[in-house]
Engineer: 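The structure is given below, and queries will be raised subsequently.
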Amino acid sequence: MEFVFQISAYNDPVLDAEAVELLQQRLEARSREVMPGMWKVTDRLNAYTAKGPGREKRRRRYRLYGGFLIALGVFALVPGLMEPRVPSLIAAGGFAGVMGIWCLCLRERKPLAPPAACKREAAELLRVRRETDWEALRAEVRFDGDGWSVKTAEGGSQTTYDKLRSVFETKRLWLLIDETDMALLLQKKDLIAGTAEEFLPYLQARIVK
């Protein structure tokens with residue numbers, strides 16, 4: 001089996017967001033390697049939160065809890081702030097109010113924004129590629145039974161699959177990382193031999209575990 005990419009310009013604006021997504025995937029993969037126990041708990045919580053049948057009940061419950069805690073916080077803060085002030089009531093009221101707001105936000109939780117580090121790395125990753133004249137360079141990347149090779153008008157190189165450590169995918173891109181943390185960013189539209197559906201499984205079967 002063989003896959004061939006004829007590299008073209010990375011000038012599509014939608015690649016900015018997808019490059020950030022790729023680096024987020026890479027960051028999560030590293031985090032899972034370092035802290036598997038934490039991610040096991042996180043995955044269980046996410047799976048519980050995503051369950052359809054009880055989701056609406058949880059939303060109503062969070063709304064009820066949030067309203068109750070905010071009311072309790074106000075009830076404690078008002079006498080606590082009156083003279084003579086009672087620090088314990090102020091602290092209890094403030095805590096209850098914060099927890100109430102947290103419950104209300106929890107039921108409508110939104111996805112977290114991408115880390116700033118991922119945005120910076122993605123911008124640099126694309127900047128280097130966008131400054132390259134790919135038409136003049138005539139770059140071709142080929143994957144076959146021996147590994148992958150990069151050929152350009154200036155020369156070429158060959159890498160074996162035992163150097164490959166991870167591969168990540170978005171709608172339009174693949175990101176390959178080798179043992180030295182070098183990144184190979186490939187656009188799906190540049191694939192001229194082989195199919196996109198077969199490419200990722202082909203690489204994943206050859207990644208050193």
Engineer: Would a hydrophobic clustering, with Ile, Leu, Val, Met, Phe, Trp and Tyr connected at side-chain separations under 4.5 Å, put L186 with V20?
Structural biologist: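 As far as the 4.5 Å side-chain criterion goes, V20 and L186 are not connected within one cluster.
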Engineer: Going through the distances and angles, do L164 and D178 end up as a side-chain contact (heavy atoms from CB on, under 4.5 Å)?
Structural biologist: CA-CA 4 Å; L164 183 62; D178 70 8; 5.6 Å; no
Engineer: Decide whether M1 and I207 are clustered together by the hydrophobic rule: side chain heavy atoms of Ile, Leu, Val, Met, Phe, Trp, Tyr closer than 4.5 Å, transitively.
Structural biologist: yes
Engineer: Under a plain distance cut-off of 3.5 Å, with no hydrogens placed, do E28 and S31 share a side-chain donor-acceptor pair?
Structural biologist: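 No.
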Engineer: Say you draw a straight line from CG of D190 to CD1 of I7; how long is it, rounded to the nearest 0.5 Å?
Structural biologist: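 Rounded to the nearest 0.5 Å, the CG-CD1 separation comes to 5.0 Å.
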Engineer: Can you check whether Y202 and F3 have ring centres sitting under 6.0 Å from each other?
Structural biologist: yes
Engineer: K119 and P114: which non-hydrogen atoms are nearest, and at how many Å?
Structural biologist: CE-O, 3.8 Å
Engineer: State whether E169 and K188 are salt-bridged, where the test is any N-O pair (Lys NZ or Arg NE/NH1/NH2 against Asp/Glu carboxylate O) under 4.0 Å.
Structural biologist: yes
Engineer: Look at D16 together with R130 and state whether they make a salt bridge at an N to O cut-off of under 4.0 Å.
Structural biologist: yes
Engineer: Please answer whether the main-chain N or O of S8 pairs with a side-chain N or O of Q187 as donor and acceptor at a distance below 3.5 Å.
Structural biologist: yes
Engineer: Quick one: do F143 and M182 end up in the same hydrophobic cluster if we chain Ile, Leu, Val, Met, Phe, Trp and Tyr together by side-chain heavy atoms under 4.5 Å apart?
Structural biologist: no
Engineer: If I take atom CG from residue L126 and atom CG from residue L185, how far apart are they, to the nearest 0.5 angstrom?
Structural biologist: 6.5 Å
Engineer: Check for me, please, whether L200 and L184 land in the same ILVMFWY cluster - side-chain distances under 4.5 Å, paths through other members count.
Structural biologist: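 Yes, same cluster.
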Engineer: To the closest 0.5 Å, what do you measure between CG (L173) and NZ (K189)?
Structural biologist: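 Between atom CG of L173 and atom NZ of K189 there are 10.0 Å.
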Engineer: Does T152 use its side chain to pair, donor to acceptor, with the backbone of E154 at less than 3.5 Å?
Structural biologist: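 Present.
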Engineer: Has W134 got a side-chain atom pairing as donor or acceptor with Q6's backbone, closer than 3.5 angstrom?
Structural biologist: no
Engineer: Under the ring-ring contact (aromatic ring centres under 6.0 Å, His included) rule, collect the residues that match up with W174, sequence neighbours excluded.
Structural biologist: F5, F199
Engineer: Under a single-linkage definition using a 4.5 Å side-chain heavy-atom cutoff for Ile, Leu, Val, Met, Phe, Trp and Tyr, are V167 and V4 assigned to the same hydrophobic cluster?
Structural biologist: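 In one cluster: no.
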Engineer: Under a 3.5 Å distance rule, please check whether Y10 uses its side chain to pair with a backbone N or O of T132 as donor and acceptor.
Structural biologist: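 Between the backbone of T132 and the side chain of Y10 there is no qualifying donor-acceptor contact (under 3.5 Å).
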Engineer: If I take atom CG from residue L27 and atom CD from residue E121, how far apart are they, to the nearest 0.5 angstrom?
Structural biologist: 8.5 Å
Engineer: Is it true that, when you exclude R172 itself, more than 12 heavy atoms of the residues, nucleotides or ligands shown sit nearer than 6.0 Å to its CZ?
Structural biologist: yes
Engineer: Is a side-chain donor or acceptor of D12 paired with a backbone partner of L15 at a separation under 3.5 angstrom?
Structural biologist: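 Absent.
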Engineer: Please give me the minimum heavy-atom distance between A122 and L23, naming the atom from each residue.
Structural biologist: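 Between these two residues, the closest heavy atoms are N-CD1, 3.1 Å.
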Engineer: Quick one: do E179 and K163 make a salt bridge, cutoff under 4.0 Å?
Structural biologist: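 Salt bridge flag = yes for K163 with E179.
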Engineer: Is any side-chain heavy atom of I177 closer than 4.5 Å to a side-chain heavy atom of F168?
Structural biologist: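 Yes. Closest side-chain heavy atoms under 4.5 Å.
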Engineer: Can a donor-acceptor pair be found, under 3.5 Å and without considering hydrogens, that links the side chain of Y161 to the backbone of G147?
Structural biologist: yes
Engineer: Would you call E124 and R127 a salt bridge, using N to O less than 4.0 angstrom?
Structural biologist: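 A salt bridge is present here (some side-chain N lies under 4.0 Å from a carboxylate O).
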Engineer: How many angstroms lie between SG in C118 and CG in L22, if you round to the nearest 0.5 Å?
Structural biologist: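 With rounding to 0.5 Å, SG (C118) is 10.5 Å from CG (L22).
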Engineer: Evaluate the side-chain proximity of E140 to V150: yes if any heavy-atom separation is below 4.5 Å, no if none is.
Structural biologist: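 The answer is no; the side chains never approach within 4.5 Å.
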Engineer: If you draw a 6.0 Å radius around CD in E131, do more than 12 non-hydrogen atoms from other residues or ligands fall strictly inside?
Structural biologist: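 Yes, CD of E131 has more than 12 neighbouring heavy atoms, counting only those of other groups under 6.0 Å.
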Engineer: Are the charged groups of R142 and E2 less than 4.0 angstrom apart, N to O?
Structural biologist: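 Yes.
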Engineer: Are D181 and R26 ion-paired here, with the side-chain N under 4.0 Å from a carboxylate O?
Structural biologist: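 So D181 pairs with R26 through a salt bridge.
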